Amino acid sequence: MKAMKRSTLATLINATLFSAVAGTSFSTLAAEQTPDAKSNQLEVIQITARKRVENAQEVPVSVSALQGDSLDAYSSAGMDIRFMNAKIPSLSVESSFGRTFPRFYVRGLGNTDFDLNASQPVSLVVDEVVQENPILKGFPVFDIARIEVLRGPQGTLFGRNTPAGLVKFDSVKPSQSFDAYGAVSYGSKGAVDFEGAAGTGLTDRLSARVSVLWQDKEDYIDVKAPGFEKENSLGGYSEKAARVQFLYEGDDFTGLLNYHVRDLDGRPIAFRANLIEKGSNNINPIYDNDVVYHDAASRSTQQVDSKGLNLKLEWDLKEHTITSISAWESAEIYSRADVDGGYGAAFIGFQGPGIIPFPSETADAIPDHDQYTQELRLSSNFSGDFNYQVGVFLFEEDLTIESFSYDTLSYDAAANNYGLQNGYAVQNQDTSAWALFGSFDFTVTDDLKLTAGIRYSDDDKQFDAKRTKSPVGAADTLAKTANPSDSHVSWDLSAAYKYSDDINLFARIANGFRAPSIQGRILFGDEVTVAESETTNSIEAGIKSDVLDGQGRVNATVFYYQMNDQQLTAVGGGANFNRLVNADKTTGYGFELDTEWVLTDELNATVNLSYNKTELKDNDLAVAICGQCTVTDPTYEVQGPFGPEKRAILNGNSLPHAPEWIANATLRYTKELEGGDFFVYGDMSYRSEIDFFLYKSVEFEGEALFETGIRTGYMWASGDNEYEVSAFVRNLFDEQVVIGGVDFNNNTGMLNEERYIGAEFKVRFF
């Protein structure tokens with residue numbers, strides 16, 4: 001009788017959930033195949049969200065995985081890490097730098113700061129190593145086994161700035177079996193994309209894997225500013241990256257060495273002056289993706305070099321496992337751009353498009369950066385009802401940032417060069433942090449399991465900034481310092497209840513912490529701001545279920561959180577620099593839905609949906625506003641250094657770059673033909689409207705973004721090898737939307753990637 005009731009409950013729950021989302025869009029969360037999986041059943045998804053291999057359906061955490069066909073399709077067309085935007089519930093990704101410096105948002109929580117020491121509440125962990133600096137987060141995606149997104153505070157096991165969540169990448173590891181592949185594609189604007197990998201056993205205990213990536217695209221954006229006309233001036237890049245791994249497997253010891261390197265030589269994202277028509281958020285009709293009106297395009301460049309080395313050692317002591325992860329990461333960048341996005345200036349009577357109050361050509365650089373991390377943990381392997389993980393984590397980072405400004409209108413006849421340097425400032429930041437953590441699992445009954453976690457974190461920053469040349473008429477020399485520090489105990493408690501063989505229920509309450517942040521870009525201002533620590537309390541509950549005899553899967557989560565003293569970045573306003581502020585309280589609530597379906601032996605589908613409602617609650621919080629846009633928040637006036645300035649009151653606003661709705665879906669059709677398989681893979685993603693800044697304005701509200709992709713091809717085997725030819729389209733309907741803005745000068749904006757058409761050939765060797 002009990003089994004009958006549980007089966008009826010499962011059917012009702014999943015029928016209700018499926019009917020609720022059947023009309024929305026599609027995204028795949030592909031799975032790793034198990035040896036006994038049936039061809040017409042969904043495969044088991046194995047994840048490492050809690051630093052051990054587990055079935056995703058049994059983990060009491062809101063987590064989504066991206067791998068397999070969906071990962072291949074989304075990352076085609078030479079895409080960088082921003083391809084993940086809106087491809088997983090409650091996750092959005094954007095950047096004002098282009099192919100580097102991605103900013104992640106989970107459940108509406110993120111950071112819009114564009115300075116090179118910006119901290120984010122969503123952590124990126126690659127091969128178990130935290131990538132703290134924003135430049136490290138842009139490492140290309142290739143030869144990746146799986147991407148996991150953990151939503152909600154992850155402060156116990158991961159800890160380093162995870163009050164909103166965690167994005168986790170796991171690369172394909174070496175093995176004793178020979179395995180290799182190569183893929184080359186050619187697409188729009190002459191873009192070429194190649195990636196490949198090869199791995200094999202070197203001895204009976206030592207194996208290796210080498211993975212490489214090369215992406216190249218010529219400049220294709222034309223400059224049409226009077227006197228500066230030039231075809232094919234911006235938009236190109238040449239990206240190279242490699243990863244080399246060695247794995248030693250002994251009887252009770254394994255060691256994994258990972259070295260990775262990246263070299264990017266390209267252009268920054270294209271800023272477009274007055275891209276947004278005043279009084280609306282419409283795109284100025286003079287623009288398309290292939291046109292800008294810069295007077296400094298010839299000097300725009302972006303160069304990134306990063307590298308890292310990590311060593312994972314693991315000892316199996318039967319009832320315990322000792323794990324050590326030692327890592328070093330380093331990054332360098334130089335990025336120079338025409339930030340005002342136009343030509344000339346109002347005060348010389350030669351300007352456009354539209355009004356350009358003053359020219360702005362700036363550069364930012366990291367000439368020196370080193371990050372060192374060490375994690376040591378002890379995990380039990382008991383066969384009884386109790387297990388645990390305990391450990392220690394150490395973090396050190398040394399960072400130097402240089403900022404430059406240039407007089408766009410100047411001309412050096414001897415050097416035949418416009419854009420003479422007229423401003424310079426340097427920042428130095430040293431961060432030292434350490435933590436002790438533990439996670440404890442209790443099996444109360446065969447159906448009920450509890451997990452409790454705790455972490456003590458201690459963080460200290462030493463910061464100084466110096467300006468030796470001012471571009472705005474203020475004192476040339478200025479020196480500022482800041483030395484914030486804090487400690488905190490974060491924790492979580494979760495329960496997983498096995499309602500039936502096909503239904504797991506879970507609930508989780510968690511606390512997260514982000515240490516104080518510093519913003520000292522004093523090139524355009526005299527102020528160094530410090531944001532106090534932020535903390536998050538979150539509660540969520542959900543269901544994870546397999547239905548229709550293994551041919552359907554429905555996972556759903558509801559959540560609520562309150563963040564105290566949220567760290568926010570007041571970007572721009574009247575000058576080209578950032579100020580950090582703390583909001584008294586921020587609340588958020590919503591739900592997430594992941595579903596996957598085997599419709600027939602030849603047709604599979606996924607449907608995912610999330611809703612996030614965020615709200616700032618602080619009656620006294622106000623920030624500077626744009627110069628030319630139409631602000632809809634209540635405002636008041638204060639006296640600034642150059643005259644009266646308006647401030648917008650933020651109480652009640654939603655967070656920037658926080659869409660309420662994200663939906664995505666995929667549909668894959670495979671037909672066996674003589675000698676191989678024909679396939680068609682379609683995907684759609686949608687994110688609703690967003691605000692670009694903390695204040696609300698007509699112009700800087702981004703429209704909803706809907707993008708579609710199709711990939712079709714043929715796969716066949718010959719001898720020991722497998723082959724695939726395919727054609728694909730990204731942004732099928734060429735949807736053009738403003739995805740970000742610059743508010744300190746004019747209504748400058750950036751556009752999403754245009755339609756991309758390409759073809760690929762891939763071969764896998766065994």
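Being a predicted model, the structure only gives us computed values, none of them experimental. Excluded from the calculations below are hydrogen atoms, water molecules and symmetry mates; all remaining heavy atoms, backbone and side chain alike, are included.
- Contact check on Arg267 versus Asp219 returns a salt bridge, with a Lys/Arg side-chain nitrogen under 4.0 Å from an Asp/Glu carboxylate oxygen.
- A salt bridge between Glu637 and Lys646 is absent, with no side-chain N of the basic residue lying under 4.0 Å from a carboxylate O of the acidic one.
- At a threshold of 4.0 Å, the pair Lys87-Asp594 does not count as salt-bridged, since none of the basic side-chain nitrogens sits closer than that to a carboxylate oxygen.
- A side chain to side chain contact (heavy atoms under 4.5 Å, CB included) with Leu650 is found for one member of Leu655, Leu616, Asp618 and no other, namely Leu616.
- Asn731 and Thr708 share no donor-acceptor pair across their side chains, judged by distance under 3.5 Å alone.
- The shortest distance between side-chain heavy atoms of Val167 and Val122 falls below 4.5 Å.
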Exercise. Given side chain to side chain contact (heavy atoms under 4.5 Å, CB included), test Asn653 with Glu615 step by step and report yes or no.
Key: CA-CA 6 Å; Asn653 284 2; Glu615 183 178 357; over 6 Å; no
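- Using a 3.5 Å distance cut-off with no hydrogens or angles, the side chains of Ser405 and Asn422 do pair a donor with an acceptor.
- Between the OG1 atom of Thr748 and the CG atom of Asp340 there is a distance of 6.5 Å, given to the nearest 0.5 Å.
- No side-chain N or O of Ser685 forms a donor-acceptor pair with one of Glu707 less than 3.5 Å apart.
- Of the charged side-chain nitrogens involved, at least one lies within less than 4.0 Å of a carboxylate oxygen, so that Asp683 and Arg730 count as a salt-bridged pair.
- Taking the charged nitrogens against the carboxylate oxygens, Lys224 and Glu229 have no contact shorter than 4.0 Å, which rules out a salt bridge.
- Put simply, CD1 on Ile88 and CD1 on Ile662 are 10.0 Å apart, with the number rounded to the nearest 0.5 Å.
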Quiz prompt | Steps toward ring pair (Phe, Tyr, Trp, His ring centres under 6.0 Å) verdict (Phe728, Tyr681) | solution = CA-CA 9 Å; Phe728 55 86; Tyr681 184 95; over 10 Å; no
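- If you take NZ on Lys696 and OG on Ser654, they are separated by 3.5 Å, rounding to the nearest 0.5 Å.
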Quiz prompt | Worked verdict on Glu645 versus Arg647 for side chain to side chain contact (heavy atoms under 4.5 Å, CB included) | solution = CA-CA 7 Å; Glu645 296 179 358; Arg647 298 285 187 269; 3.1 Å; yes
Exercise. Evaluate ring pair (Phe, Tyr, Trp, His ring centres under 6.0 Å) for His657 paired with Phe692, printing each intermediate quantity in order.
Key: CA-CA 6 Å; His657 286 281; Phe692 296 151; 5.8 Å; yes
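- One distance of note links CZ of Arg107 with OG1 of Thr536; it measures 11.0 Å at 0.5 Å rounding.
- Distance check: Leu609 CG to Tyr686 OH gives 10.5 Å after rounding to the nearest 0.5 Å.
- Note on Arg299 versus Glu361: salt bridge recorded, some NZ/NE/NH1/NH2 to OD/OE distance being below 4.0 Å.
- Nearest approach of Ala648 to Ile625, heavy atoms of both residues: CB-CG2, 3.4 Å.
- For an aromatic pair to be called close, the ring centres must be under 6.0 Å apart, and Tyr343 with Phe350 satisfies this.
- Using a 4.0 Å cut-off between charged side-chain N and carboxylate O, Glu660 and Lys613 make a salt bridge.
- In this structure, a donor-acceptor pair under 3.5 Å is absent between the side chains of Glu592 and Ser610.
- In this model, no donor atom of one side chain and acceptor atom of the other lie less than 3.5 Å apart for Glu148 and Ser64.
- Using modelled atom types, one finds no donor on one side chain facing an acceptor on the other under 3.5 Å when comparing Ser92 with Glu94.
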Quiz item: Stepwise, does the side chain to side chain contact (heavy atoms under 4.5 Å, CB included) test hold for Ile649 with Thr635?
Solution: CA-CA 6 Å; Ile649 300 171; Thr635 61; over 6 Å; no
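- The distance from the OG1 atom of Thr112 to the CZ atom of Phe114 is 9.0 Å, given to the nearest 0.5 Å.
- Side-chain polar atoms of Asp115 and Asn578 form no donor-acceptor pair below 3.5 angstrom.
- Side-chain contact of Asn284 with Asn274: a donor-acceptor pair under 3.5 Å is absent, judged by distance alone.
- Using a cut-off of 4.0 Å between Lys/Arg side-chain N and Asp/Glu carboxylate O, Glu239 and Lys217 are scored as not salt-bridged.
- There is a side-chain donor-acceptor pair under 3.5 Å between Arg99 and Gln215.
- Salt bridge annotation for Glu760-Arg711: present, with a cationic side-chain nitrogen under 4.0 angstrom from a carboxylate oxygen.
- Within the 4.5 Å cutoff, no side-chain heavy atoms of Tyr105 are placed close to those of Leu91.
- With hydrogens and angles ignored, the 3.5 Å screen pairs no side-chain donor or acceptor of Asn582 with any backbone N or O of Ala531.
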Quiz item: Phe700 and Cys626: side chain to side chain contact (heavy atoms under 4.5 Å, CB included), yes or no, with the steps?
Solution: CA-CA 10 Å; Phe700 291 121; Cys626 50; 4.1 Å; yes
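- A side-chain N or O of Asp113 and one of Gln519 form a donor-acceptor pair less than 3.5 Å apart.
- Ring centers of Tyr287 and Tyr293: under 6.0 Å apart, within the cut-off.
- Looking at Asn746, Ile276, Asp743 one by one, the single match for side chain to side chain contact (heavy atoms under 4.5 Å, CB included) with Gln628 turns out to be Asn746.
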